[in-house]
Structure formats: C-alpha cells, structure tokens
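Chain A is the first sequence line, chain B the second, and so forth, proteins listed ahead of strands; every chain is numbered from 1.
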Protein chains: 2
Amino acid sequence: MTVTLADVAARAQVSPATVSRVLNGNYPVAASTRERVLRAVDELDYVLNGPASALAAATSDLVGILVNDIADPFFGIMASAIQGEIGGPGGRAGGERLAVVCNTGGSPERELTYLTLLQRQRAAAVVLTGGAVEAAPHAEAVAAKLRRLAEAGTRVVLCGRPPVPDTGAVALTFDNRGGARALTEHLVGLGHRRLGYIAGPADRTTTRHRLEGHRAALRAAGIEEDARWTVYGRYDRRSGHEATLELLRRDPSLTAVVAANDSVALGACAALRESGLRIPEDVSVAGFDDLPFSIDAVPALTTVRLPLAEAGARAGRIAMGREEPPPGGITSVRGELMVRGSAAAPRR
Amino acid sequence: MTVTLADVAARAQVSPATVSRVLNGNYPVAASTRERVLRAVDELDYVLNGPASALAAATSDLVGILVNDIADPFFGIMASAIQGEIGGPGGRAGGERLAVVCNTGGSPERELTYLTLLQRQRAAAVVLTGGAVEAAPHAEAVAAKLRRLAEAGTRVVLCGRPPVPDTGAVALTFDNRGGARALTEHLVGLGHRRLGYIAGPADRTTTRHRLEGHRAALRAAGIEEDARWTVYGRYDRRSGHEATLELLRRDPSLTAVVAANDSVALGACAALRESGLRIPEDVSVAGFDDLPFSIDAVPALTTVRLPLAEAGARAGRIAMGREEPPPGGITSVRGELMVRGSAAAPRR
DNA sequence: GCAGTGATAGAAAGCGCTTGCTAGCAGAGT
DNA sequence: ACTCTGCTAGCAAGCGCTTTCTATCACTGC
C-alpha cells in the first residue's frame with residue numbers, strides 16, 4: 001500500500017542500497033543513476049519512512065525544544081529563534097530536521113516525561129529554555145536525564161537557564177541577577193525608598209535570581225528590607241494584578257512596584273489604575289524581559305531587555321553543532337536596562 | 001552499550017515478546033511476570049527505542065501542531081490548549097504522546113516541508129492552525145498532502161482554519177467574517193463614517209475573511225468604499241505602526257482604524273499617539289482576537305474575542321479520537337464582540 | 001595485453017521492536 | 001482418566017531502512 005524504498009528501487013531499476021544512497025547523498029552515485037532514482041521517487045511520490053531510517057542509522061533528525069509556557073511570548077520568541085537555526089524546513093541548515101517544541105507548562109513531571117520521550121526518539125539535540133525548578137529531587141532527576149541524553153549522543157543546550165554541572169550541557173544563562181539589580185538601582189536612583197516586588201513562582205531559578213538582584217540593589221542603597229514588600233505569584237498578568245492589590249493592602253505608601261516580568265507588570269498597572277493611582281506620578285512600575293508589547297503600554301514600560309532572539313539563535317546553532325560552545329560550556333548573557341515612562345521620581 | 005528489550009528480557013528471565021507486551025499493556029501478562037519485568041526495566045533504566053517500536057508497529061506516538069508564528073500568543077494559546085488535550089506528558093490521555101509544535105513562520109514551503117516531515121515520521125495526527133495561504137498552487141499542494149496523510153491513517157484537524165474539501169480533514173473554522181462584520185457594525189453604530197482598515201498579508205484566508213466582514217458592514221451601512229482606506233501588512237505590531245502612518249498620510253480625516261488583529265492594533269495606537277492623536281477622542285481603534293494583553297492597552301482595546309483555548313482543546317480531543325468530529329467534519333466557531341474603551345463616537 | 005586502480009552498484013546482515021501463531025499447562029467437564 | 005478450555009509465554013517472521021563488504025567494469029600504465 002505505502003511506497004517503500006524497494007518500490008522506488010524497482011522502478012528505477014537499481015538496488016535499494018542505491019536509492020538509499022541517493023537520498024542520503026553521502027556516497028558517490030553516478031549522475032545518470034541518481035537522476036533515474038530521483039525521477040522514480042517523484043513519480044511514486046515516495047516519502048522516506050522516518051522510524052525505519054532512524055532505526056537503521058541509529059540517529060534521528062528530531063530536535064526538541066522545551067518551554068515552560070508556549071503561550072508566553074518570552075518562550076515563543078526564543079523557540080522561534082532556535083527553530084530558525086535548527087533549520088527545520090527552509091532553514092539554511094543542511095539536512096532537514098524536525099524541530100519540535102514541547103510545552104511543559106512549568107510542570108517538573110512533564111519536563112521529565114518530555115525528556116524521556118525525546119530520549120526515546122533518540123533526538124539529535126535538546127534545548128531547554130527558561131528557568132528551572134530548584135527543588136532538589138526534581139533538579140537531580142533532570143540532571144540525571146540530561147547526563148543520560150548526553151551519553152546517548154544527544155546534544156543538550158540550556159538557553160536562558162542556569163548550568164547543570166557534570167552533564168555536558170552547554171548553558172547560555174541570562175544574567176537575571178545583574179539585570180534585576182540594574183533595574184532596581186535605577187528606581188532607587190530616581191528616589192524610591194519603598195518598593196514592592198512581585199516575584200514569580202518561589203521554586204524557580206529565574207524567580208530567585210531576579211529577586212536576589214533586586215535585594216542586592218536595595219541593600220547597596222541602604223534600604224532595609226520589609227517582608228511585606230515581596231509577594232510571590234505566577235509569571236502572568238493575572239498574578240500581577242492580584243499581587244499588586246495585595247501589596248497595596250499591605251503597604252499603601254509604596255511608590256514603586258517591580259514585577260517579575262512584563263506580563264506581571266501589565267497586570268500591576270491595571271490594578272494600580274483600578275485603585276485610582278496614576279503611573280508613574282503615584283506609583284512607578286517596572287517589568288522584565290522587554291517583550292514586544294511592553295513598549296505599547298501606557299506609559300511605556302521601564303524594563304530590562306533580554307536578547308531572547310539572539311540567545312535562542314545561538315543556542316540553536318550550538319545544538320546543531322554549527323557554532324562552538326562558549327569556553328567551559330557556560331556563558332552569561334546580559335540584559336539591557338530600558339528606561340521608559342512607567343518609572344519616574346516619586347512625588348509622595 | 002545502550003539497553004535493549006532483549007537485555008530487559010534476559011534480566012527478567014522472560015522472552016522479549018513478554019517485555020514488549022508488558023510495556024504496551026495490550027495483552028494479558030500474569031501479575032507476577034509483569035512485576036518482574038517492570039523491576040528489570042527500572043533496574044536497567046531502560047528506555048524504549050521509539051523508532052524501532054514505530055517501525056515494527058507501523059504507528060508512532062507523534063502528534064504535530066503547525067503554527068504560523070510561534071512567537072505570537074494567538075498561536076501559542078491554541079497550541080497550548082491542543083497540547084493539553086493531546087495528553088503529552090501529564091495529560092489525562094492514556095499512552096503518552098509526543099505533541100510537537102512546528103513553526104512554519106507563515107511560509108508555504110515550510111508548511112509543506114513540515115507536513116512531509118510529519119508524514120515521514122508517520123505521525124498519529126496533525127493539527128494545522130491559523131489562516132491558510134490561498135495561492136492556488138500552494139493550496140493544492142497542501143490539499144494533496146493532507147489527503148495523503150489521511151490515507152496513511154494520520155488524523156488531520158484544522159483549527160481556526162478554513163476547511164479543505166475532499167481531504168477527510170476535520171475543520172473547526174473561526175467565523176472571521178462574522179466577527180469582523182460585528183466589529184465594524186459597532187463602529188459604524190457609534191457614528192464612524194471614515195474607517196481605515198489595516199489588513200494582514202494579502203494571500204491569507206484570515207485576512208480576506210476579516211476584510212470581507214468589514215466591508216460587508218460598511219456596505220450595509222451605505223458607506224462607500226475608498227481604496228485609500230485599506231492597507232495590507234503583516235500580523236504584527238510594527239506593521240500596524242507603519243500602516244497607520246500610511247493611512248493617516250492618505251486620509252488625515254479618518255475617525256477610526258480597524259486592525260487585522262490586536263498586535264496590529266497596538267502598533268496603530270502607538271502611531272496615532274505619536275501623531276498627536278488621542279484615542280478614542282480623535283481616532284477610535286479596534287483589534288481582533290482579544291489576546292490577554294489587549295485589555296491592558298490604554299484605553300482597553302475594543303476587539304473580537306476568539307475562543308482560542310476552547311477551539312484548541314476541542315481540536316486536540318478530536319485529533320486524539322476522544323471527541324466526535326462535528327457533523328460533516330466542519331463547524332464554525334463564532335467570536336464575541338468585546339466593547340471597550342478604544343472605540344467611541346467620533347468627535348470630528 | 002594484463003595486472004592495477006577507481007568509480008559504482010549490489011548482496012545481505014542487521015537495527016530493536018511488535019505480533020500472529022503455537023506450545024505448554026492447569027483446572028473444568030464428563 | 002481424558003479431552004477441552006482458557007490463560008500465559010515463547011518463537012520467529014518481519015517492519016523499511018542503512019551500511020559493510022564484495023563484485024563488476026572500464027580504464028590506465030608499463
């Protein structure tokens with residue numbers, strides 16, 4: 001029923017071996033023969049059987065990209081950049097590879113299961129993006145999985161994610177700590193002394209690093225920490241909205257709200273406005289990531305731009321073996337402070 | 001080097017066949033035997049060889065999701081919902097399936113290539129999302145591909161995409177025409193008579209349908225069309241920005257700008273503001289899709305909400321054979337007009 | 001004119017798994 | 001006691017491809 005290599009071979013009057021070689025192009029085949037084979041392929045509308053080929057060759061052309069939330073442009077932009085370099089169809093990369101993105105939804109179990117699924121498919125490479133869950137049992141399970149993948153010849157790249165020692169995984173880490181620190185320093189420089197902070201989920205590396213940067217800036221400015229000023233939530237708008245109301249309840253005198261990311265900041269803006277507060281006159285707001293919509297907020301969001309596309313592209317190239325990994329397999333990618341209208345000197 | 005079924009079998013003192021049956025669970029195996037096998041699997045840290053299994057069983061557990069732009073939440077939200085139902089890891093679906101999203105970037109060639117790649121992998125199902133390219137040669141090529149996929153037993157579902165006749169593909173289509181019409185009717189009802197329209201790429205079904213709906217509303221209101229009022233662009237913010245400046249140049253007396261989607265609308269807002277125009281006092285703006293950030297625009301965007309998550313979930317279930325396809329394999333999903341602050345009665 | 005040399009093509013042995021069919025065996029029925 | 005039946009487990013034949021090794025053939029050079 002379905003066309004096989006043998007059918008093509010018969011039609012082209014050559015052996016299956018020859019057809020295989022024409023298709024893979026890694027063995028000399030006379031031009032005339034090649035043409036005959038190609039014609040037969042075309043006429044029969046033959047499509048290689050991926051599993052069979054992967055089995056025989058002991059390699060596959062699958063590349064997995066793990067993201068925490070595919071509906072979040074933060075990941076979408078990275079995934080897009082990675083995929084662009086993987087080649088996938090249309091990429092300038094050589095053999096066509098199937099770059100697939102897997103949505104973990106931030107769940108550690110799903111992450112692990114996807115990793116297993118990818119291992120099962122004998123993926124050529126795997127790129128993990130975004131913050132990792134820090135809880136020890138999970139972190140260790142992931143490390144073990146990555147080690148095993150590497151052993152099986154799968155290239156592993158971490159993009160915007162902290163290094164995982166002893167796994168052979170290349171890490172392009174975002175300098176969340178530094179970016180957050182610069183951001184808060186900017187606010188402090190404007191004169192803010194009472195700053196609320198809306199953090200992400202408590203067990204994520206990204207959350208911790210950004211919070212650490214924020215606190216480092218406060219400490220450097222001699223501002224004493226107030227436990228009421230930090231609220232944990234999720235990385236979405238809704239969470240920013242809720243958390244802001246909570247912050248306002250805890251301390252109505254806050255002059256600035258620093259959000260874990262831009263979506264959260266947007267939710268914060270909405271909550272502030274609903275509370276009758278003007279931005280930035282009454283309360284300044286700052287985000288993180290500088291996603292495309294952030295510049296359209298009114299006022300435009302002061303935030304930290306992360307080179308998502310660049311980092312993704314680089315991760316993609318490294319995953320494809322088209323670029324040298326950084327020395328030591330680890331490098332830190334810095335963000336850039338984007339000063340815009342949502343943060344100004346406090347007036348109260 | 002790598003552990004195989006045979007290794008597990010040896011360790012559990014059973015035949016490979018038995019191990020396979022334990023793992024697939026579709027054949028009676030005595031409880032004691034099963035347990036012994038499972039223990040061996042665990043001890044050896046065995047991971048099934050996907051390609052081998054797919055080859056032997058002539059099926060795979062891969063489900064492909066094609067999106068036009070993975071960095072666009074419009075697709076991200078649908079993809080997320082689809083993936084949630086596919087089961088993937090963590091889903092309540094039975095056997096674990098690898099739901100993968102493929103980013104075509106809106107390119108017809110890539111779309112075709114991904115389809116081939118998926119066919120090559122003998123995917124269990126494929127879900128195509130978003131508008132299709134209408135150019136005849138391409139549309140036909142896609143139709144042929146879908147037909148072939150269906151023949152090979154791959155379930156094909158179109159989500160937010162027009163039906164493709166004679167392919168056996170199930171279609172959950174968005175009623176873009178109706179939504180657009182309702183939106184423009186709303187604006188016209190507010191008193192607008194000179195409305196600019198920023199369309200998407202000219203060859204997309206989505207673009208055409210929305211534009212048709214818009215024009216139908218104008219016609220119904222007896223408003224004569226002006227060719228200057230329509231500008232084509234892409235589905236992104238930047239395009240909205242540029243197109244708006246162009247519209248303003250062509251006819252500074254416009255009182256409303258209707259955008260192809262919310263991102264475009266955001267760009268339009270920015271351009272209007274830069275041009276010294278207030279929203280909605282001087283110019284009303286309307287979007288489409290109602291993405292999460294749209295409510296945070298200032299003023300909040302009047303737009304048409306598309307049930308992206310619901311449609312995606314349904315598409316996912318159908319792809320998994322867990323829900324009956326709609327009668328005739330085709331159904332239209334309606335949008336809902338969201339009246340918000342960005343559109344008001346014209347003042348000039 | 002004959003061995004030597006390259007260039008091409010074929011034969012065949014798997015790759016690791018699934019599954020139809022068969023075999024063994026214990027308890028049930030007569 | 002003997003066949004029948006139902007439950008398990010094993011055998012072995014592939015699934016469709018890649019790749020090593022070998023064979024063939026046309027030249028080349030002496």
Side-chain angles (χ1 to χ4, degrees), chain A residues 1-38 40-41 44-62 95-96 117 119-124 152-153, chain B residues 1-38 40-41 44-62 95-96 117 119-124 152-153:
Chain A
M1 213 223 93
T2 60
V3 185
T4 72
L5 238 211
D7 298 331
V8 175
R11 172 140 200 155
Q13 314 213 54
V14 297
S15 72
T18 302
V19 177
S20 170
R21 300 204 255 245
V22 168
L23 262 24
N24 291 297
N26 47 18
Y27 190 89
V29 173
S32 63
T33 312
R34 174 196 320 285
E35 201 184 321
R36 203 144 31 91
V37 170
L38 256 18
V41 165
L44 294 178
D45 210 3
Y46 170 68
V47 174
L48 192 66
N49 181 317
S53 151
L55 172 59
T59 64
S60 106
D61 52 6
L62 208 68
E96 275 153 7
L117 243 26
Q119 178 184 2
R120 173 178 303 181
Q121 299 297 330
R122 306 298 187 253
Chain B
M1 213 224 91
T2 59
V3 184
T4 72
L5 239 210
D7 299 331
V8 176
R11 172 141 200 154
Q13 316 213 56
V14 296
S15 72
T18 302
V19 177
S20 170
R21 300 204 253 245
V22 168
L23 261 23
N24 291 297
N26 46 19
Y27 191 89
V29 173
S32 64
T33 313
R34 175 197 319 287
E35 200 184 322
R36 202 143 32 90
V37 169
L38 256 18
V41 165
L44 295 177
D45 210 2
Y46 171 68
V47 174
L48 192 67
N49 181 318
S53 152
L55 172 58
T59 65
S60 103
D61 53 5
L62 208 68
E96 274 153 7
L117 243 25
Q119 178 183 2
R120 173 178 302 181
Q121 299 297 330
R122 304 299 187 253

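Summary of the strand contacts: A:Ala6 and B:Pro16 both lie near DNA chain D, and taking for each the nucleotide with the nearest heavy atom, the more 5' one is attributed to B:Pro16. If you find the closest nucleotide of DNA chain D to B:Val29 and to A:Asn26, the one lying nearer the 5' end belongs to B:Val29. Residues A:Thr33 and B:Leu48 both approach DNA chain C. Their nearest nucleotides, taken by heavy-atom distance, put A:Thr33 toward the 5′ side.
Between the axis at the start and the axis at the end of the helix from C:dG1-D:dC30 to C:dT30-D:dA1 there is an angle of 50°, using five pairs per end and rounding to 10 degrees.
Contact of the A:Asn49 side chain with the A:Thr4 side chain is not registered, since no non-hydrogen atoms from C-beta on lie closer than 4.5 Å. The side-chain heavy atoms of B:Leu5 and B:Leu23, taken from C-beta on, include a pair separated by under 4.5 Å. Using a 4.5 Å heavy-atom cutoff, the side chains of B:Leu38 and B:Val22 are in contact. The side-chain heavy atoms of B:Asp61 and A:Gln121, taken from C-beta on, include a pair separated by under 4.5 Å.
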List every contact pair, protein side and nucleotides 20-28 of chain D side both N or O, where the distance is under 3.5 Å.
residue, atom, partner, partner atom, Å
D:dT20, O4, A:Arg21, NH1, 3.1

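Distance, A:Asn24 CG to D:dT19 P: 7 Å, rounded to whole Å.
Of the side-chain N and O atoms in B:Ser15, none sit less than 4.0 angstrom from OP1 or OP2 of D:dC11.
Contact between B:Ser60 and B:Ala124 at its shortest, heavy atoms only, is O-CB, 3.5 Å. When every heavy atom of B:Pro51 is checked against every heavy atom of A:Leu55, the shortest pair comes out as CB-N, 3.9 Å. Taking both residues in full, the closest heavy atoms of A:Ala9 and A:Val19 are given as CA-CG2, 3.6 Å, listed atom of the first, atom of the second, then distance. Minimum heavy-atom separation, B:Thr2 to B:Asp7: O-OD2, 3.8 Å.
The CG atom of B:Leu48 sits 7.0 Å away from the CG atom of B:Asn24 when rounded to the nearest 0.5 Å.
Counting 5' to 3', DNA chain C first comes under 4.0 angstrom of a heavy atom of chain B and last does so at the ends given by C:dG16 to C:dC21.
Although no hydrogens or angles enter the test, the distance criterion places a donor-acceptor pair under 3.5 Å between the side chain of A:Arg36 and the main chain of A:Ala12.
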Run B:Arg34 and B:Val14 through side-chain contact (heavy atoms from CB on, under 4.5 Å) and show every step you take. CA-CA 10 Å; B:Arg34 175 197 319 287; B:Val14 296; over 6 Å; no
